[in-house]
Each structure stands twice: as structure tokens, then as C-alpha cells.
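Numbering of residues begins at 1 and proceeds along the displayed sequence. Side chains are part of it too, since the values below use all heavy atoms of this structure and drop only hydrogens, waters and symmetry mates. Counting starts at 1 for both ligands and their atoms, following the listed order.
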Amino acid sequence: MRVLLRERCLIGKLDFADASTLSTAFNRKVVGQVRGTRSGFASSGLVLGRTKTGFLSQNVAQRSRKLANSCKQTPRLDPVLGSVRSYWNSSGDLRSAECGWRNPKFGSAQGSNPQQTQKGTGPRTAQAQQSPVDSVLIQDNAAASSDSAVPDTEAANALPPRQVEEAASTSQSESESNGRGITSQELEADPTYPEAESSSNARSEREDPTKEPGTTTSAEFSVREADERGLSRGDQEYVRELEVATYAVHLACLLSQRIQRDILRDREQAKLKKDQSLVTIADYGVQAVISYILSEAFPQEPLSMVAEESSEALRGREEMPTLRKVVDAVNDCLSNSPLVGLPVPSEPLSTIDVLKAINRGAHEGGKKGRFWVLDPVDGTLGFVRGDQYAVALALVDQGEVVLGVLGCPNLPLRKEWMRYGHRFYRAAEAFFPPEKGLWHKGIVFRARKGGDGAWAEPLISADVTLESVRAQAMRAFVSPVTDPAQATFCEPVEKANSNQSLTAGLAQGLGISTAPLRAYSMAKYGMLAKGDAEIFMKFARGDYKEKIWDHAAGCFIVEEAGGVVTDAGGRPLDFSRGRFLMGLDRGIIASSNPFLHRRLLAALDASYDSSTL
Ligand SMILES: Nc1ncnc2c1ncn2[C@@H]1O[C@H](COP(=O)(O)OS(=O)(=O)O)[C@@H](OP(=O)(O)O)[C@H]1O
Ligand SMILES: [Mg+2]
């Protein structure tokens with residue numbers, strides 16, 4: 001009798017030194033290694049399998065090596081997924097192993113010929129002979145995604161351009177003058193924007209039929225809970241704001257996830273702004289969704305928000321297809337509102353509604369009053385590359401950050417994964433099913449002043465209820481490590497955004513021995529808040545002025561998780577001086593505890609040479 005076992009393995013160009021980290025991350029044993037050279041590029045990798053027998057490992061390694069050598073194009077950057085079939089006889093001896101793999105980059109499946117690869121002495125089973133080597137297990141995440149919803153441009157072109165341009169150019173001063181930005185006449189004149197059928201259908205399906213008009217929303221419920229628990233007024237402050245902000249970020253993350261999948265299929269969707277920074281439909285869409293939800297939840301006062309995007313770049317006839325996509329994405333996203341206990345808008349938002357919502361982000365900030373601070377898609381570069389990014393929302397009251405919500409849709413629960421590209425993580429996740437709960441879908445951090453520290457919860461998704469997400473929420477704590485030699489530091493990926501030679505020198509001075517963890521976006525603050533790294537450093541070059549939306553939410557979350565964030569002079573970041581972090585001394589540093597922070601400041605004092613920046 002023969003037993004056919006199908007082993008799924010992961011083959012990738014990974015450093016063998018990473019074996020233990022990777023096998024911990026996978027909770028799998030490393031069973032083989034691939035080495036080979038082709039076209040001048042070294043091809044090497046690991047084979048991870050579920051088996052515990054070294055027997056398979058040898059065979060797999062041999063087969064994989066042959067495959068690597070026989071391929072015209074060896075994988076250079078992306079890890080490659082493959083499969084191994086092994087044939088065992090009844091006594092447990094391996095008769096043959098076959099290995100196939102595919103480089104998603106080049107799209108061609110590579111596989112060994114079953115006839116040639118058979119090593120065993122016994123005859124092959126009919127089943128084994130008939131089925132070809134399963135050389136393509138999973139495709140690149142983006143290609144496999146089923147989302148489409150790319151609207152036709154005809155309807156968008158039907159919009160009178162003048163009206164849209166006017167709406168797009170509404171300045172904050174105008175919007176402050178009437179509190180809503182666009183006059184009711186303009187609103188009425190809004191042409192019947194082709195209402196997305198899908199949005200209204202989705203809405204009627206999703207609308208909670210059990211919810212009576214006038215019943216409490218979850219946000220109200222929290223306030224009531226707080227009342228019942230007899231909390232003082234001070235303790236209750238910002239409870240409702242935090243709830244609404246958290247729901248808004250959860251929902252907006254769904255929008256960003258969808259657009260990220262679209263972008264990975266079609267990179268043309270990312271555009272350059274005038275300042276040469278990237279912008280996508282997600283930036284506008286997330287800003288509109290969050291702005292809309294906040295202004296609906298707190299209608300008593302006009303929404304004040306300092307946010308990265310303005311609709312200026314959406315002006316003009318040629319931008320109408322983009323604008324149309326933004327409006328569709330916003331309505332599609334808001335149709336999911338019941339997922340977070342919020343009502344669906346009675347009518348889908350019109351183009352003007354969306355432009356107005358985006359333009360509410362033009363507040364100047366400052367010391368007085370309350371304003372929200374939003375980076376709709378922080379780490380746009382990571383976003384378009386299918387990697388880390390964050391949706392970051394904070395509330396500033398009288399110049400002080402009082403709550404923060406940081407959505408990190410691609411942040412893995414296990415820090416080992418941060419050493420690898422996120423697309424690898426997604427592909428491998430499909431390969432080795434997640435071990436723990438809902439955390440593989442992304443993480444949302446939240447905290448408020450006077451609350452009980454920072455919390456992390458899994459990101460909601462279409463099939464995951466708010467209740468199940470909340471049931472898994474955990475307090476987020478910074479790492480307990482105090483020995484710099486044991487510490488990990490993180491920093492921006494791009495050299496242009498931070499002086500990496502300066503940070504390398506500082507790390508060396510501190511005795512940090514591990515390589516820096518480079519990650520896009522405020523996900524780095526998230527990593528600190530959940531104990532994945534002990535230090536964060538960013539030293540912008542030249543006269544670059546840091547923006548408050550790039551740090552407000554992340555900085556607050558880290559502090560609430562027990563960490564310290566200052567500038568390089570040891571002063572707290574000042575979010576009360578407008579849209580920029582004015583008066584910043586050199587750069588931004590964050591540590592998991594005051595002890596490490598003092599050591600870092602001392603190292604900075606010792607090694608800082610102003611000519612290096
Ligand atoms: N020259 C320069 N120096 C320093 N910082 C800059 C610079 N240019 C842009 N930015 C801001 O940095 C934000 C991205 O920071 P990251 O930590 O994600 O950087 S990196 O992409 O990982 O290198 C990025 O945020 P997003 O625009 O939201 O991506 C910018 O606000
Ligand atoms: Mg940013």
C-alpha cells in the first residue's frame with residue numbers, strides 16, 4: 001500500500017540565518033534549503049514544511065536545488081511559494097518527492113517532471129501519475145483578489161465640470177463661514193450623480209433590520225456604560241469621541257484595503273501631487289469617510305480637522321474619472337456602516353458631499369479649541385507597494401492630544417514578520433493558516449486621555465462582527481526590555497525621509513546589535529506600542545518640516561502604552577503650533593521606557609554632529 005502525502009512548502013529567497021525566526025513565525029520546522037545560481041543571481045532559500053522528518057528535508061532540498069538551477073528566471077526578490085508531493089510507502093520510507101514552484105513576478109509556473117523526479121523503486125500510483133505537480137499553490141494576493149468595481153467614466157463625465165471645480169476649490173475659510181462649506185443652492189444643484197447601484201443594494205442588505213429608530217448606537221452605549229460604572233466626569237471625557245473615531249477608522253481601513261488590492265493590480269491608480277508626493281483614491285476616500293462620520297456624529301459644532309489631503313488635485317475634467325472612483329469608494333464603504341454599529345447615510349453621498357467632506361481637513365490647528373488630526377493613508381509609498389501603511393486619527397483639545405486611533409491593516413501580530421515584505425506575509429498566511437484569532441486581518445490601536453491605557457483590537461472585516469473584534473481586544477504594552485543590547489530600533493524605509501547613517505551610528509553607540517526594522521508609516525509607532533521594537537528614530541533631512549498628522553495619533557498611542565516620545569532635545573512634541581511640528585529639535589525619537597530614552601538622548605548628545613544632517 002502506498003500513501004500519498006501532499007506537503008506544502010514555502011520556498012523563498014531568504015537568508016538561511018533567518019531560519020529560526022521564520023520557523024518561529026510559521027510555527028513550522030525548516031526542512032530544507034535551496035541554493036543555486038542562475039543568470040548571475042544567487043538563488044537560495046528555505047523550505048518549510050509540516051513534517052518533522054529530516055528524510056523529506058533532504059529530498060526536498062535536492063529537488064528544490066535542481067529546480068532552482070533549471071529555471072530560466074530565478075526568484076530574486078519575492079519569496080516563492082511552491083508545493084512538494086511526497087510519496088511514502090507503507091513502512092514510512094519516502095519513495096519520491098516532487099517539488100514545483102512559481103515566481104509570481106514572472107508569471108511562469110515551474111515544475112519538475114514527475115517522471116524524471118521519481119526516485120523510488122516502487123511503481124507510482126495511478127493517482128500520482130495522473131495529477132501533475134501542483135506547482136502553483138497560491139497566486140499573488142493582488143492578482144487573486146476578486147474586487148473589481150472600477151466604475152465607467154461615462155457617468156463621471158456627465159457632471160458639470162464647473163460645479164465640481166467650485167466644490168473642489170472650496171477653501172476652509174469659505175467652509176468656516178457657513179459651517180458646511182458649500183451652499184444649499186449648490187447642493188440642490190448637484191446633478192443627480194449616478195448613484196452607485198451596488199452601494200444602495202449593499203446598504204439595504206446590510207441595514208440592521210433589528211435596529212429600531214432612536215435606539216442607542218454603540219457610541220452612546222459606551223457613555224451609558226461609563227455612567228453606570230459611576231465614573232467621574234473627567235474619566236468619561238472623550239469616551240464617545242474615541243468610540244466614534246475607532247469605528248470611523250475601522251470602516252475607513254476597509255476602504256483602504258480594497259483600494260490597495262486595486263492598486264496592486266493597476267499601479268497607474270497612484271498619482272503624484274504637485275509636491276511630488278503620492279496620492280491615491282484611498283487618501284481622498286478615507287479622508288471623506290472619516291470626515292463624514294465625525295461630522296454626522298458631532299453635528300453640534302462644525303467639524304474642525306487638520307488633514308493631509310485637499311480636493312484641489314481633483315479639480316478639472318480630466319480628474320473626473322478619479323473623482324467618480326472616490327465617490328463610489330466612499331459610498332461603498334459607508335454602506336458597511338452597520339458593521340460598526342453606525343447608520344448608513346439615508347442617501348448615498350453626492351460628489352459635492354464628498355468634496356465638502358474632504359475639504360473639512362483644511363483647519364489650521366493651533367492652541368485653541370478642539371480639532372481632529374487625520375492622516376488618511378500614512379506611508380503612501382508602503383501603501384502602493386502593498387506594504388505597511390496606517391490610517392491615523394487624533395483629537396487635539398487646547399493644544400494637547402487627547403485621543404488617538406491608529407489603524408494598521410497590514411501589521412502582523414507576530415513581530416518576526418516585520419522582517420519580510422508584507423506581500424510575502426499575505427501569501428504565506430494563505431499557505432499556513434493563521435494561528436490566533438482574527439489578528440491576521442490587521443490591528444487597530446486606540447487610547448484616550450484619562451482612559452485605561454492603549455488598546456489593540458483586530459480590524460473588522462465584512463465577515464467579522466464588531467462584537468468578536470471587541471472580544472479579542474487587548475491592552476497594548478511597550479516592551480519590558482531595558483538593555484540596549486537586547487533592543488530593536490525601527491525607522492523609515494526611505495533614506496530620503498530619515499538619516500539612516502546617523503541612526504546607525506546612534507544604534508552602535510547604544511550597543512544595539514540587531515539590524516534596524518524598517519517599516520513604512522506610523523505602523524512603527526504601533527510596533528513600539530505592542531512591544532515589537534524598543535526604539536523609533538526619524539531624522540528628516542534638510543529643512544523638511546514634520547506634519548502633525550504624521551505623528552499625533554502614533555505618538556499618543558505609544559505614550560499611553562507606556563513609552564516616551566520626544567524630539568532629539570528631549571522635549572515633548574508640540575501639536576499646538578499649526579499644521580507643522582514647529583520648534584522640533586532635529587528629529588523625533590521614541591522609546592519603550594524612560595531608561596532607554598535617557599540612554600538614547602545621551603548617545604545623541606555624544607554623537608550628534610549637525611553637519612551630518
Ligand atoms: N523628505 C521627507 N523627510 C521626512 N519625512 C517626509 C519627507 N517627505 C515626506 N515625509 C513624510 O514622511 C511620511 C512617511 O514616513 P515613513 O516613516 O512612512 O517613511 S518611509 O516611507 O518609510 O521612508 C510621509 O507620510 P505620507 O505622505 O502619509 O506617506 C510624509 O508625510
Ligand atoms: Mg503621513
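Considering backbone and side-chain atoms together, E308 places an N or O closer than 3.5 Å to an N or O of ligand 1. The shortest N/O to N/O separation between P492 and ligand 1 does not fall below 3.5 Å. No N or O atom of L381 sits closer than 3.5 Å to an N or O atom of ligand 1. In terms of polar-atom proximity, R541 is not counted as a contact of ligand 1, lacking any N or O under 3.5 Å from an N or O of the ligand.
Judged by distance alone, with hydrogens and angles left aside, the side-chain atoms of Q500 form a donor-acceptor pair with the main-chain N or O of P492 at under 3.5 Å. Judged by distance alone, with hydrogens and angles left aside, the side-chain atoms of S295 form no donor-acceptor pair with the main-chain N or O of P302 at under 3.5 Å. Judged purely by atom type and a 3.5 angstrom limit, D283 uses its side chain to pair as donor or acceptor with the backbone of T280.
With distances taken over non-hydrogen atoms, the option nearest atom 11 (C) of ligand 1 out of F383, Y544, F536, F539 is Y544. Scanning G379, P376, G382, S521 for the heavy atom closest to atom 16 (P) of ligand 1 points to S521. The closest non-hydrogen atom to atom 5 (N) of ligand 1, taken over K545, K538, E494, comes from K538.
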Let's go through F445 and V249 carefully: what are the C-alpha distance in whole Å and the side-chain angles of both, what is the deciding distance for side chain to side chain contact (heavy atoms under 4.5 Å, CB included) to 0.1 Å, and is it a yes or a no?
CA-CA 10 Å; F445 297 89; V249 168; over 6 Å; no

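Taking the side chain as every heavy atom from C-beta outward, L294 and L393 approach each other to under 4.5 Å.
In this structure, D283 falls outside the shell of residues with a heavy atom less than 4.0 angstrom from ligand 1.
The proximity of D375 to ligand 1, defined as any non-hydrogen pair under 4.0 Å, is limited to the side chain.
For the pair Y389 and G379, the tightest heavy-atom approach, listed with the atom from each and the gap, is CB-O, 3.8 Å.
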Show the atom names and distances, to 0.1 Å, of all donor-acceptor pairs under 3.5 Å that link a side chain in residues 550-559 to residues at least two apart or in another chain.
residue: H551; atom: ND1; partner: Y525; partner atom: OH; Å: 2.8
residue: H551; atom: NE2; partner: E546; partner atom: OE1; Å: 2.8

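Test E241, Q398, E301 against R370 for side chain to side chain donor-acceptor pair (under 3.5 Å) and you get one pass: E241.
Counting only distances under 2.8 Å, and ignoring water, the protein N, O or S atoms around the Mg ion (ligand 2) are D375 OD2, D378 OD1, D550 OD1.
Geometric assessment of K524 against the ring of F536 yields a negative cation-pi assignment under the 6.0 Å and 45° thresholds.
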